[in-house]
There are 2 protein chains.
Amino acid sequence: MATRTPEQPRPAGGSRVTIADIARDLGISKAAVSYALTGRPGVGHATRKRVLDAAEEMGWYPSSSARALTGADAGVVGLVLSRPPELLTFETFFVHLLAGLEKALAERGSSLLLRVIGDHPDEEIRTYRRWWGERRIDGVILLDERYRDPRVAQIREHRIPAVLCGGPLRDWTMPALWTDHGLDADVAVGHLHALGHRRLAHISGPTEFVHERARRRGVRRAAARRGMHVETVEGAYTGPSAARFTMRLLDRDGPDRPTAIVYGSDVMAASGLVAARERGVDVPGGLSMLSWDDSQLATLIRPSMTALRRDNLAYGALAANTLLDLVEGRNRGLVQLPASRLMARESTGSPAG
Amino acid sequence: MATRTPEQPRPAGGSRVTIADIARDLGISKAAVSYALTGRPGVGHATRKRVLDAAEEMGWYPSSSARALTGADAGVVGLVLSRPPELLTFETFFVHLLAGLEKALAERGSSLLLRVIGDHPDEEIRTYRRWWGERRIDGVILLDERYRDPRVAQIREHRIPAVLCGGPLRDWTMPALWTDHGLDADVAVGHLHALGHRRLAHISGPTEFVHERARRRGVRRAAARRGMHVETVEGAYTGPSAARFTMRLLDRDGPDRPTAIVYGSDVMAASGLVAARERGVDVPGGLSMLSWDDSQLATLIRPSMTALRRDNLAYGALAANTLLDLVEGRNRGLVQLPASRLMARESTGSPAG
DNA sequence: TCCGCCGACTGAAACGGATCAGTAGACTGC
DNA sequence: GCAGTCTACTGATCCGTTTCAGTCGGCGGA
């Protein structure tokens with residue numbers, strides 16, 4: 001806009017210093033300044049130092065827009081959280097994931113562009129398309145793979161670099177992070193079997209999520225291997241849903257009634273616990289409980305909740321690094337996450353009968 | 001890179017359609033296309049429609065870099081969460097805030113650039129400076145104002161548009177969101193007074209946060225107005241810290257022992273509850289408890305926790321709108337948040353004595 | 001009939017940085 | 001003493017969009 005007096009080292013209107021300013025001050029060309037600043041050969045030692053010092057002193061920052069325009073990466077990764085906000089709240093999973101993601105991104109010089117929307121896959125894809133079209137992002141992270149997930153085909157069609165949390169995919173066009181839920185299920189069911197349980201119930205999250213399907217299958221197989229009886233119920237990720245199913249199971253008598261319940265999340269398990277207490281059922285004396293997600297909540301309730309603990313910080317970091325590798329041209333393919341660890345607490349014990 | 005055959009409407013390598021492509025296809029100038037696409041006068045009705053249709057069909061998106069380069073806003077707001085990740089996890093406050101923030105931003109066409117770092121104000125300011133210098137963001141949101149907060153002066157010096165969550169500031173250079181903690185304190189203390197309590201303790205969060213100072217002052221004044229005795233302890237936002245202070249208070253005998261404790265957060269209160277149970281103290285019979293933050297946790301523990309509830313979704317939305325207004329040139333000054341609502345639950349009752 | 005004006009459009013410059021094709025000058029080798 | 005090479009730099013062009021300064025044709029007014 002207005003011409004600035006050269007005497008003023010720091011322009012008043014915020015840092016609007018460009019390489020042209022530095023070039024003028026030092027009496028050299030813009031190209032030389034660019035070479036010096038990007039660490040490329042083409043300038044002498046002394047000049048490079050002068051440029052670097054001047055840039056530092058004048059408070060120069062590279063304009064991300066200008067750089068992106070010449071073909072550089074955006075240095076930004078996109079993430080859309082498409083679960084209703086009230087669900088996000090409870091699940092510490094997301095915050096952990098976000099923190100891990102961000103830490104890994106920061107270490108490699110990228111940032112996170114975030115959008116929180118309700119449960120609306122269409123809107124999620126449209127957001128990714130727009131961000132990608134506008135050259136805002138280098139790639140995206142697809143959370144919570146669903147059964148016949150429409151996002152996968154769309155992301156592939158638009159050739160947006162992505163990592164899928166949920167996989168594995170049949171083809172290897174897209175790196176995927178996956179957990180061996182069968183293994184986790186075996187640990188959980190094994191723990192209950194060792195305590196003497198023979199009849200158990202599994203109140204899972206919605207089966208539209210592939211990881212919930214895998215967990216259900218895992219629990220059924222682990223139980224079958226041990227000759228246990230298991231009943232699987234599809235719940236929502238909410239307290240009331242879990243409480244309702246818990247009540248229903250506890251209303252039964254005799255051998256139809258499970259002696260242990262496995263819940264899909266910590267909030268579900270905590271709500272189940274409250275429901276059991278209202279029915280006058282002692283935990284773990286009359287019923288054992290196990291949660292598939294560990295969190296602070298599990299340690300703050302009484303009895304404290306036995307839970308399968310996953311390192312979600314590490315999960316996030318792995319997702320970020322897998323995506324950045326892909327952006328740089330290295331497709332890691334199928335990345336397996338470490339198995340969960342069972343945190344045995346007060347909510348599991350030997351059945352009374 | 002390689003020249004593309006003009007027969008192919010959608011280029012294979014992702015959407016790389018530019019206004020030049022549209023101009024060539026339609027046999028008009030780039031300028032005309034730009035006028036049509038931005039809704040500015042300068043093209044006729046028929047031409048505008050042809051351009052719009054072509055853009056739609058060819059999958060054109062405006063390059064955010066190119067737009068930003070010509071002086072447009074970045075359409076992005078920056079947020080740095082500078083609390084250790086393990087604290088972020090517990091406090092549902094952040095997730096709620098994020099969701100509210102994002103919803104309001106999306107409605108006005110902006111996105112959120114997020115960074116999660118440990119408790120390091122220097123790093124936070126450096127991140128903001130860099131983002132601003134790189135023209136990545138239009139403004140920032142400063143969370144959790146601290147006593148003598150170094151961020152305020154720095155943000156002001158660099159002329160980065162910002163809204164301060166904590167305020168009010170002495171001068172009005174920066175819009176600020178603030179809560180009348182005195183009012184909230186009065187509601188909480190009034191509730192306990194009405195139940196018959198006369199000796200209470202307040203285990204607050206760290207006093208480096210201005211809102212904690214305001215709350216402590218508020219509790220002391222509200223208690224003094226009613227002739228109650230109050231003791232204020234500075235805790236950390238962690239369970240163990242709250243548990244330790246609770247134990248210490250319960251170790252006392254007779255009139256030195258408070259009959260009610262107000263906690264700085266839901267996790268602190270839940271931990272205090274566990275500590276009380278370990279000491280064999282009945283809640284609310286032997287001790288009443290009240291948490292300054294409401295969350296799912298408060299309803300999942302037994303006894304359920306009486307809490308002050310703030311609408312953090314609305315808080316986030318207000319912060320976002322205040323910032324976007326500022327970016328557009330309207331400084332809202334001091335924005336007051338609605339008072340908290342007391343959610344009376346099982347953890348408060350009349351004292352035994 | 002001619003002037004002035006308006007609408008519809010064009011050409012070119014600008015934004016900030018990267019990069020390509022040069023070009024002086026110093027140095028090397030013979 | 002001169003070609004050849006290397007270093008250290010310069011000038012120009014490009015990226016995709018906005019915007020400024022025109023240009024051109026048509027139309028109304030006097």
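To find a chain, count down the sequence lines: A is the first, B the second, and so on, and within it residues start at 1.
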dG16(D) phosphate, OP1 or OP2, under 4.0 Å from Arg135(A) side-chain N/O: no
Length of the line joining Leu69(B):CG and dA18(C):P, which is rounded to integer Å: 12 Å
Side chain Lys30(B) and base dT17(D) donor-acceptor under 3.5 Å: yes
Check: Ser64(A) side chain, Glu134(B) main-chain N or O, donor-acceptor pair, under 3.5 Å: yes
Exam field: side chain Arg151(A) to backbone Leu143(A), donor-acceptor pair closer than 3.5 Å: yes
Touch class at under 4.0 angstrom, heavy-atom based, for Gly42(A) against every strand present: base
Contact under 4.0 Å: Arg40(B) side-chain N or O vs dT18(D) OP1/OP2: no
N/O (side chain, Ser29(B)) to phosphate O (OP1/OP2, dT10(C)) under 4.0 Å: yes
Rounded distance (Å) that lies between atom C1' of dC9(D) and atom CZ of Arg50(A): 12 Å
Closest non-hydrogen atom pair, Leu113(A) against Ser111(B): CD1-CB, 3.7 Å
Atom-to-atom span, CD1 of Ile19(A) to P of dT19(C) - whole angstrom: 11 Å
Touch class at under 4.0 angstrom, heavy-atom based, for Pro41(B) against every strand present: nothing
Side-chain N,O (Trp60(A)) to OP1/OP2 (dG17(C)) below 4.0 Å: yes
Nucleotide dG16(D), atom P - distance to CZ of Arg136(A) in whole Å: 17 Å
Sugar-phosphate only, base, or nothing, as touched by Ser65(B) at under 4.0 Å among non-hydrogen atoms: nothing
Sugar-phosphate, base or nothing in reach of Ser34(A), heavy atoms under 4.0 Å: base
Residue Ala66(B), side-chain atoms from C-beta onward, closest of dC9(D), dG17(C), dT17(D): dT17(D)
Sugar-phosphate only, base, or nothing, as touched by Ile28(B) at under 4.0 Å among non-hydrogen atoms: sugar-phosphate
